[in-house]
Amino acid sequence: DYVDYNDSIEGPVAEIDLLNNDLIVLEQRVHVDHKTVYDNLPSGGQGLSDLMVGDIVEISGFPALDGSLLATRIEYEDENGEVEITGLVSNPGANQFFINNQEIDTSEAEFKNFNGQFIAAEDFVEAIGTYDQQSRVLIADQVINKNVEYENDDELEISGFVNSTGNSGFTMTTPTGIQRVTYDNSTTFEDGTENDLNVGRAVKAEGHIAGNVLIAEEISFEDVDDSDDEDEFSNDEEEFSDDHDESSEDGGDWHAEDDE
């Protein structure tokens with residue numbers, strides 16, 4: 001089995017709010033909690049108070065519906081190089097689009113993995129380039145399509161937030177974009193029922209893929225704030241338990257995890 005910890009943002013810290021345990025990087029509000037891991041901070045620091053405005057950080061995390069990020073890992077970077085942001089496209093237009101509040105200028109960008117298609121709203125992409133501090137615009141060198149296409153019968157376990165609901169199904173915001181999930185009378189619900197599938201609710205869905213839709217065998221309701229389990233929601237972003245090799249040349253680090 002494999003778990004993917006996605007690098008969601010890399011860029012300069014613009015604001016730090018110690019009272020509310022959050023910071024802003026590339027116009028994204030990032031929340032930290034007691035499970036956030038800090039790496040390579042100056043002087044061996046292990047907390048938000050050890051960072052300063054202007055520091056370059058690489059952040060892995062879990063997206064919430066309001067566009068904020070729950071940070072699972074924050075790494076201090078020694079050099080001020082390229083910046084990058086990963087997320088869902090909004091307001092695409094001529095030579096620009098947004099990821100949450102961050103404007104991306106694509107006038108000089110190379111588009112990868114779009115297979116001749118135009119960028120569209122709700123595409124899950126990574127933008128890499130430089131950051132103009134004055135205009136607060138990311139000038140992209142590359143825009144990479146990160147939409148995940150699974151194979152039929154892939155087994156998938158994935159966590160996220162309910163984005164929309166419908167008859168015997170829902171969509172969820174996940175670290176790899178929007179995932180459609182369906183369920184039926186054979187689906188097992190843990191710590192809740194289908195009536196608890198409200199927009200914004202944190203859930204984990206397990207099952208198999210058919211037509212890029214997750215056919216859920218089990219749906220569990222997650223409590224992001226209270227659990228102390230090491231397999232807690234915020235650190236268990238996506239798990240494959242099949243023979244499908246989901247290696248990624250542009251993605252985050254893969255970590256092997258054996259079944260108990």
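Note that this is a predicted model, so its numbers are computed, not measured.
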A.B. asks: Clusters formed by hydrophobic residues whose side-chain heavy atoms approach within less than 4.5 Å: which one holds Val137, and what are its other members?
C.D. replies: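 Via sub-4.5 Å side-chain contacts, Val137 links to Ile139.
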
A.B. asks: Using the side chain to side chain contact (heavy atoms under 4.5 Å, CB included) rule, take Asp39 and Tyr76 through it: C-alpha gap first, then chi angles, then the decisive distance, then the call.
C.D. replies: CA-CA 6 Å; Asp39 190 18; Tyr76 175 82; over 6 Å; no

A.B. asks: For Pro63 and Thr173, work out which heavy atoms get closest and say how close.
C.D. replies: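 For Pro63 and Thr173, the tightest heavy-atom pair comes out as CG-CG2, 4.0 Å.
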
A.B. asks: Using a 3.5 Å distance criterion without hydrogens, assess whether the side chain of Thr187 forms a donor-acceptor pair with backbone atoms of Ala216.
C.D. replies: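 Looks like yes, one N/O pair under 3.5 Å.
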
A.B. asks: So, for Thr165 and Val162, which heavy atoms are closest and what is the spacing to 0.1 Å?
C.D. replies: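 Minimum heavy-atom contact is CG2-CG1, 3.7 Å.
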
A.B. asks: Indicate, with yes or no, if Ile9 and Ile24 share a hydrophobic cluster defined by side-chain heavy-atom contacts under 4.5 Å among Ile, Leu, Val, Met, Phe, Trp and Tyr.
C.D. replies: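 No, because Ile24 and Ile9 fall into different hydrophobic clusters, even though each may have its own neighbours under 4.5 Å.
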
A.B. asks: Compare every heavy atom of Ala109 with every heavy atom of Val143, then report the nearest pair and how far apart it is.
C.D. replies: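 Where Val143 meets Ala109 most closely, the heavy atoms are CG2-CB, 4.1 Å.
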
A.B. asks: Only counting residues at least two apart or in another chain, list the ones meeting salt bridge (charged side-chain N to carboxylate O under 4.0 Å, His left out) with Asp22.
C.D. replies: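 Applying salt bridge (charged side-chain N to carboxylate O under 4.0 Å, His left out) to Asp22 gives Arg29.
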
A.B. asks: Flag the pair Arg73 / Glu75 as yes when at least one side-chain heavy-atom distance between them is below 4.5 Å, and no otherwise.
C.D. replies: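 Yes, close enough: below the 4.5 Å cut-off.
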
A.B. asks: Nearest 0.5 Å, what's the CD1-OG1 distance between Ile158 and Thr174?
C.D. replies: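 So the CD1 of Ile158 and the OG1 of Thr174 are separated by 3.5 Å.
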
A.B. asks: Going through the distances and angles, do Glu10 and Glu77 end up as a side chain to side chain contact (heavy atoms under 4.5 Å, CB included)?
C.D. replies: CA-CA 9 Å; Glu10 181 174 353; Glu77 297 290 328; 3.8 Å; yes

A.B. asks: Please report the interatomic distance CG(Asp55) to CD1(Ile74), rounded to the nearest 0.5 Å.
C.D. replies: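 Asp55 CG to Ile74 CD1: 11.0 Å, rounded to 0.5 Å.
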
A.B. asks: Go through the steps to decide whether Asn100 and Gln28 satisfy the test side-chain hydrogen bond (donor to acceptor under 3.5 Å, both in side chains), and finish with yes or no.
C.D. replies: CA-CA 7 Å; Asn100 296 318; Gln28 312 299 293; 2.7 Å; yes

A.B. asks: Does a side-chain heavy-atom distance below 4.5 Å link Phe170 with Gln179?
C.D. replies: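 With C-beta onward as the side chain, the pair stays apart.
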
A.B. asks: What's the spacing between Lys146 NZ and Thr86 OG1 if we round to 0.5 Å?
C.D. replies: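 One finds 6.5 Å between NZ of Lys146 and OG1 of Thr86.
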
A.B. asks: Considering only heavy atoms from C-beta outward, does the side chain of Thr188 approach that of Ile219 to under 4.5 Å?
C.D. replies: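 SC-SC contact between Thr188 and Ile219 ruled out.
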
A.B. asks: Answer yes or no: is there a side-chain heavy-atom contact under 4.5 Å between Leu48 and Tyr38?
C.D. replies: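 Leu48 reaches Tyr38 side chain to side chain.
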
A.B. asks: What pairs with Thr130 under side chain to side chain donor-acceptor pair (under 3.5 Å), at least two apart in sequence or on another chain?
C.D. replies: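 Thr130 satisfies side chain to side chain donor-acceptor pair (under 3.5 Å) with no other residue.
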
A.B. asks: Taking only residues two or more places apart in sequence, or in another chain, which ones meet Asp17 in a salt bridge (charged side-chain N to carboxylate O under 4.0 Å, His left out)?
C.D. replies: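 With sequence neighbours excluded, Asp17 shows a salt bridge (charged side-chain N to carboxylate O under 4.0 Å, His left out) to no residue whatsoever.
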
A.B. asks: Taking only residues two or more places apart in sequence, or in another chain, which ones meet Phe111 in a ring pair (Phe, Tyr, Trp, His ring centres under 6.0 Å)?
C.D. replies: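 For Phe111, the residues satisfying ring pair (Phe, Tyr, Trp, His ring centres under 6.0 Å) (neighbours in sequence not counted) are Phe114.
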
A.B. asks: Looking at residues at least two apart in the chain, or sitting in another chain, which of them share a salt bridge (charged side-chain N to carboxylate O under 4.0 Å, His left out) with Glu218?
C.D. replies: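 Glu218: no salt bridge (charged side-chain N to carboxylate O under 4.0 Å, His left out) contacts found.
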
A.B. asks: List the residues meeting side chain to side chain contact (heavy atoms under 4.5 Å, CB included) with Ser220, not counting sequence neighbours, and say none if there are none.
C.D. replies: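 Once residues adjacent in sequence are excluded, the partners of Ser220 under the side chain to side chain contact (heavy atoms under 4.5 Å, CB included) criterion are Glu190, Lys204, Glu222.
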
A.B. asks: Just by distance, no angles: are the side chains of Ser60 and Ser8 close enough, under 3.5 Å, to form a donor-acceptor pair?
C.D. replies: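 No donor-acceptor contact under 3.5 Å links the two side chains.
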
A.B. asks: Check whether Asp33 reaches the backbone of Lys35 with its side chain - one donor and one acceptor, N or O, closer than 3.5 Å.
C.D. replies: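 Here the side-chain-to-backbone pair exists.
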
A.B. asks: Determine yes or no for a side-chain-to-main-chain donor-acceptor pair under 3.5 angstrom, with Glu151 supplying the side chain and Asn212 the backbone.
C.D. replies: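 Checking the backbone N and O of Asn212 against the side chain of Glu151, no donor-acceptor pair under 3.5 Å is found.
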
A.B. asks: Who pairs with Glu110 by side chain to side chain donor-acceptor pair (under 3.5 Å), at least two apart in sequence or on another chain?
C.D. replies: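 So Glu110 forms no side chain to side chain donor-acceptor pair (under 3.5 Å) with any residue.
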
A.B. asks: Side chains of residues 193-201: which donor-acceptor partners sit under 3.5 Å, not counting sequence neighbours?
C.D. replies:
unit_1: Thr193; atom_1: OG1; unit_2: Asn195; atom_2: N; d: 3.2
unit_1: Glu194; atom_1: OE1; unit_2: Tyr183; atom_2: OH; d: 3.4
unit_1: Asp196; atom_1: OD2; unit_2: Thr193; atom_2: N; d: 2.8

A.B. asks: Is there a path from Phe98 to Ile85 through hydrophobic residues (I, L, V, M, F, W, Y) whose side chains come within less than 4.5 Å of each other?
C.D. replies: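 Different hydrophobic clusters.
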
A.B. asks: Over all heavy atoms of both residues, which pair between Val83 and Pro12 is shortest? Give the atoms and the distance, please.
C.D. replies: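 Here Val83 and Pro12 meet closest at CG1-CD, 4.1 Å.
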
A.B. asks: For Ser159 and Met172, work out which heavy atoms get closest and say how close.
C.D. replies: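 Heavy atoms of Ser159 and Met172 come nearest at C-CE, 3.5 Å.
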
A.B. asks: Assess the residue pair Thr171 and Val181 against the criterion (side chain to side chain contact (heavy atoms under 4.5 Å, CB included)); give the C-alpha distance rounded to whole Å, side-chain angles, the decisive distance to 0.1 Å, and a yes or no.
C.D. replies: CA-CA 6 Å; Thr171 60; Val181 182; over 6 Å; no

A.B. asks: What I'd like to find out is whether the side chain of Val57 reaches to under 4.5 Å of the side chain of Val25, using heavy atoms alone.
C.D. replies: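 A side-chain contact under 4.5 Å exists here.
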
A.B. asks: Are Val89 and Leu138 linked, directly or through other ILVMFWY residues, by side chains that come within less than 4.5 angstrom of each other?
C.D. replies: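 Cluster IDs for Val89 and Leu138 match.
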
A.B. asks: Enter the distance from Ile178:CD1 to Asn147:CG here, rounded to the nearest 0.5 Å.
C.D. replies: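 Rounded to the nearest 0.5 Å, the CD1-CG separation comes out at 10.0 Å.
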
A.B. asks: Counting only heavy atoms not in Asp184, do more than 12 sit closer than 6.0 Å to its CG atom?
C.D. replies: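 Yes, the 6.0 Å shell around CG holds more than 12 heavy atoms from other groups.
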
A.B. asks: Under the 4.5 Å side-chain heavy-atom rule for ILVMFWY, direct or indirect, which residues accompany Val213?
C.D. replies: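 Hydrophobic cluster check, Val213: joined to Ile215.
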
A.B. asks: State, yes or no, whether a side-chain contact exists between Arg136 and Glu27 at a heavy-atom distance under 4.5 Å.
C.D. replies: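 Yes, their side chains come closer than 4.5 Å.
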
A.B. asks: Hydrophobic clusters join Ile, Leu, Val, Met, Phe, Trp and Tyr when side-chain heavy atoms are under 4.5 Å apart, directly or via other members; which others share one with Met52?
C.D. replies: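 So far as hydrophobic clustering goes, Met52 is joined with none.
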
A.B. asks: Go through the structure and list residues passing side chain to side chain contact (heavy atoms under 4.5 Å, CB included) with Asn185, not counting sequence neighbours.
C.D. replies: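 Asn185 satisfies side chain to side chain contact (heavy atoms under 4.5 Å, CB included) with no residue once adjacent residues are dropped.
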
A.B. asks: Give the C-alpha distance, both sets of side-chain angles, the deciding distance and a yes or no for side chain to side chain contact (heavy atoms under 4.5 Å, CB included) between Val13 and Ile16.
C.D. replies: CA-CA 7 Å; Val13 175; Ile16 298 175; 3.6 Å; yes

A.B. asks: Drop me the distance from Ser107's OG to Gln96's CD, to the nearest 0.5 angstrom.
C.D. replies: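 Those atoms lie 10.5 Å apart.
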
A.B. asks: Spell out, yes or no, whether Val32 and Ile56 are grouped together once hydrophobic residues are joined by side-chain heavy atoms under 4.5 Å, including indirect joins.
C.D. replies: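 No, it is not one cluster - the side chains of Val32 and Ile56 are not joined through contacts under 4.5 Å.
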
A.B. asks: How many angstroms lie between atom OG1 of Thr106 and atom CZ of Phe97, to the nearest 0.5 angstrom?
C.D. replies: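 Output value for this atom pair is 6.5 Å.
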
A.B. asks: Over all heavy atoms of both residues, which pair between Ala140 and Ile104 is shortest? Give the atoms and the distance, please.
C.D. replies: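 Scanning both residues, the minimum pair turns out to be CB-CG2, 3.7 Å.
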
